[in-house]
Amino acid sequence: MSSSKSGSAQSRTSSLGSAGSRSSATPPSSAGKSSSGKARKAVATSTTTGVPTSSKQALPPKPSDRLNPKTVDPFANTSKGQSAFASVYANGGVPCRLIHGSVKHKLAWDTPPEHVPFDPVLITLAEGLKETVHPYTFVSCMGFRELLDTPQATQKATPMLPKLAPPLRAALGHADGAVFERGMDGLLQLSAVVGPALNPYLKTFLMALSKRIMEKKYKEKVTESLQILEQNGGREALPIIKSKVPTYSSVTG
């Protein structure tokens with residue numbers, strides 16, 4: 001009698017244990033729903049582009065990005081981290097302003113460029129060649145060019161060479177390729193205006209040019225720039241160039 005009772009008790013205990021294990025286990029259907037929901041989140045797509053969010057983050061830059069250069073945030077706190085050129089420009093130290101056109105931009109000068117003092121404006125613009133954000137990149141590059149295009153620019157720029165050389169050298173040595181190119185363009189513009197007067201300062205620029213000529217992207221352009229510097233500098237320029245760039249071949253043969 002006692003053995004039959006104990007047997008029934010054991011059967012009830014085992015049935016309760018199996019029922020408990022069934023209740024604690026996750027139903028297969030709910031587990032499948034949970035994993036499929038996570039999968040749907042992982043491949044969620046943008047409602048505007050239809051591209052998976054994970055793929056969208058890895059997309060390369062669009063061609064239109066080149067038409068919209070990095071621009072100064074008008075709502076940012078400009079009192080902190082502002083460059084010297086940006087500060088001078090914001091305070092009216094450069095007597096021109098940017099005019100946005102539908103096709104291209106231009107500068108409007110508060111004073112005719114031929115009446116603008118090269119010291120300090122041309123020096124300030126040369127320092128601005130190191131800028132990397134719009135509108136400072138455009139203002140510095142175009143302003144530097146337009147001042148050197150004015151009458152009597154040679155007489156005005158030549159005495160400024162000791163002050164113009166350091167910012168041009170800094171732009172040429174900048175890690176940003178766009179800054180380097182603006183610095184090289186500015187150097188060639190200045191060379192065309194002052195001619196052989198630039199020769200005593202050539203060595204300060206040639207170090208940066210000799211490094212860039214080793215890069216395939218800039219080799220041809222730097223070589224052409226050296227040729228222009230030689231032509232503008234006359235016979236004295238060639239030995240100076242060869243001293244820093246031994247592989248350079250003279251345009252005169």
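Atom set for the values below is all heavy atoms of this structure, side chains included, hydrogens, waters and symmetry mates excluded. Quantities reported herein were computed from a predicted structural model and do not represent experimental measurements.
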Side chain to side chain contact (heavy atoms under 4.5 Å, CB included) between Glu146 and Trp109: does it pass, once the steps are laid out? CA-CA 10 Å; Glu146 292 187 5; Trp109 292 86; 2.7 Å; yes
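- Hydrophobic clustering keeps Leu172 apart from Met207 (ILVMFWY residues linked when any side-chain heavy atoms are closer than 4.5 Å, directly or through intermediates).
- Interatomic distance, NE2 of His100 versus NZ of Lys106, reported as 13.0 Å (0.5 Å rounding).
- Annotation: the span from Ser140 atom OG to Glu127 atom CD amounts to 11.0 Å, rounded to 0.5 Å.
- With hydrogens and angles disregarded, no donor-acceptor distance shorter than 3.5 Å links the side chain of Glu236 to the backbone of Pro196.
- The main-chain N or O of Glu114 is found under 3.5 Å from a side-chain atom of Lys156 such that the two form a donor-acceptor pair.
- Of the possible polar contacts, none joining the Ser210 side chain to the Val245 backbone as a donor-acceptor pair under 3.5 Å is found.
- Heavy-atom neighbours of Gln155 CD from other residues, nucleotides or ligands within 6.0 Å: above the threshold of 12.
- For the atom pair CE of Met184 and OH of Tyr218, the computed distance is 8.0 Å after rounding to the nearest 0.5 Å.
- Electrostatic pairing of Lys221 and Glu224 does not count as a salt bridge here, judged by no charged N lying under 4.0 Å from a carboxylate O.
- Once rounded to the nearest 0.5 Å, the distance linking CZ of Arg182 with CZ of Phe144 reads 13.0 Å.
- How far CG of Leu229 is from CG of Asn199: 9.0 Å, rounded to the nearest 0.5 Å.
- Using a 4.5 Å cut-off on side-chain heavy atoms (C-beta onward), Tyr248 and Gln227 make contact.
- Rounded to the nearest 0.5 angstrom, Asn232 CG and Leu202 CG are separated by 10.0 Å.
- The closest donor-acceptor contact from the side chain of Thr150 to the backbone of Ala153 lies at 3.5 Å or more, if one exists at all.
- Asp176 places a side-chain N or O within 3.5 Å of a backbone atom of Ala178 that can act as its donor or acceptor partner.
- Counting heavy-atom neighbours within 6.0 Å of Lys242 NZ, excluding the residue itself, gives a total above 12.
- When Leu148, Val94, Leu164 are each tested for a side chain to side chain contact (heavy atoms under 4.5 Å, CB included) with Leu125, only one passes: Val94.
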